[in-house]
S.K.: 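Structure incoming, see below.
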Amino acid sequence: KEQSEQCGVDVQALNPTSSLKDYSISYINRTDVREPKTLIVTGTGAYGGYQKLGEVWYLLDYRYNMNHTIADFEERMVYSSFSFSNYNTVVVYGEMPKVNDSTRKLYKEFEKWLSEGGTLVIYERGYNLLGHLGLPKITRSKENDRYISGVILNASYRKDSPLFWGYDCNELPIFKMSDCTYKLPEEASAVMNYTSAPYLSGYAPQAKKESYAGAPVVATMPHGQGQVVFISEDTNFRSFWFGTSHILTNALFFGDKLK
């Protein structure tokens, strides 16, 4: 109680008899938590990810006061001595450069790190990295002429997934900024999908509203001893859409618990 008052944090007692199938904080409290050692890939070569990676930086640095590393893909990773061994999680937002003479060695080391137990968190256009690492590919539907500048859709999720530990609702509103959807390979499993009637607010043509129904939002895919987490939307949008930012932090703390 004294420490609670000093820190300004409310503390509640846990129920030690809670069932192991109850994915409440009581269950999570009995789970070993790894120390996140996070690398955020940015800079030259990580196309289209500057603003959104800034959102991740703000989330971890200002809101959670968590240690992390931001590395320029070309200057720090490709053209200088770099080791993945210092990290257990890598976050990629932007589209990654193709495999060539400059990047081939790094991508091989990247794949080895992942297969040995790393957690790779990929957002949106970063899905092309899977092909560069020799993993099963995620495919993306073609965008049409009508750009979706913001629509709020409803999504349901699997409560048994560590990515959603701590959530006590059945559905979450997702802020969607594109009109495309994604198709997963057989090796991947969707742990969050848009509902059958997902539209909540904002503008989207009726045909697009229908195409969103059931589409995957968050998926996981094992690779060796490691895990890939694919998040199709910006869950940290402009650092104010807080409801879904917890998905990323769960990936950092519980990525090694994914199956």
S.K.: For residues Val41 and Val91, determine if any side-chain heavy atom of one lies less than 4.5 Å from a side-chain heavy atom of the other.
M.R.: no
S.K.: Could you check whether any side-chain heavy atom of His68 comes within less than 4.5 Å of a side-chain heavy atom of Trp57, counting everything from C-beta outward?
M.R.: yes
S.K.: Check whether any side-chain N or O of Asn250 sits under 3.5 Å from a backbone N or O of Leu163 as a donor-acceptor pair, and report yes or no.
M.R.: yes
S.K.: Check whether Asn88 reaches the backbone of Lys37 with its side chain - one donor and one acceptor, N or O, closer than 3.5 Å.
M.R.: yes
S.K.: Are the side chains of Glu171 and Thr195 in touch, meaning some heavy atoms are under 4.5 Å apart?
M.R.: yes
S.K.: Can you tell me if Lys176 uses its side chain to pair, donor with acceptor, with the backbone of Cys180 under 3.5 Å?
M.R.: yes
S.K.: How far apart are the C-alpha atoms of Glu111 and His223, what are their side-chain angles, what is the distance that settles it, and do they pass the side chain to side chain donor-acceptor pair (under 3.5 Å) test?
M.R.: CA-CA 9 Å; Glu111 184 278 330; His223 180 65; 2.6 Å; yes
S.K.: Any luck finding a side-chain donor-acceptor pair between Asn170 and Lys159 under 3.5 Å?
M.R.: yes
S.K.: Tell me, please, which residues at least two apart from Pro136 pass side chain to side chain contact (heavy atoms under 4.5 Å, CB included).
M.R.: Pro185, Glu187, Met221
S.K.: Taking Ile122 as the fixed residue, which of Ile231, Ile138, Val228 is the one that meets the side-chain contact (heavy atoms from CB on, under 4.5 Å) rule?
M.R.: Val228
S.K.: Is any side-chain heavy atom of Glu55 closer than 4.5 Å to one of Asp234?
M.R.: yes
S.K.: Are the side chain of Tyr157 and the backbone N or O of Asp160 linked by a donor-acceptor pair below 3.5 Å?
M.R.: no
S.K.: Regarding Thr235 and Tyr123, is there a side-chain donor-to-acceptor distance under 3.5 Å anywhere?
M.R.: yes
S.K.: State, yes or no, whether a side-chain contact exists between Tyr199 and Val151 at a heavy-atom distance under 4.5 Å.
M.R.: yes
S.K.: Could you tell me if the side chain of Arg34 sits less than 4.5 Å from the side chain of Thr89, heavy atoms only?
M.R.: yes
S.K.: If we only count heavy atoms from C-beta on, is the Tyr107 to His132 side-chain gap below 4.5 Å?
M.R.: yes
S.K.: When you compare the side chain of Leu184 with that of Tyr127, does any pair of heavy atoms fall below 4.5 Å?
M.R.: no
S.K.: Using side chain to side chain donor-acceptor pair (under 3.5 Å), reason through Tyr58 and Asn236 one step at a time and then give a plain yes or no.
M.R.: CA-CA 10 Å; Tyr58 183 85; Asn236 311 297; over 6 Å; no
S.K.: Look only at the side chain of Trp241 and the backbone of Ile174, and say whether a donor-acceptor pair between them is shorter than 3.5 Å.
M.R.: no
S.K.: Without swapping roles, check the side chain of Ser232 against the backbone of Glu124 for a donor-acceptor pair under 3.5 Å.
M.R.: no
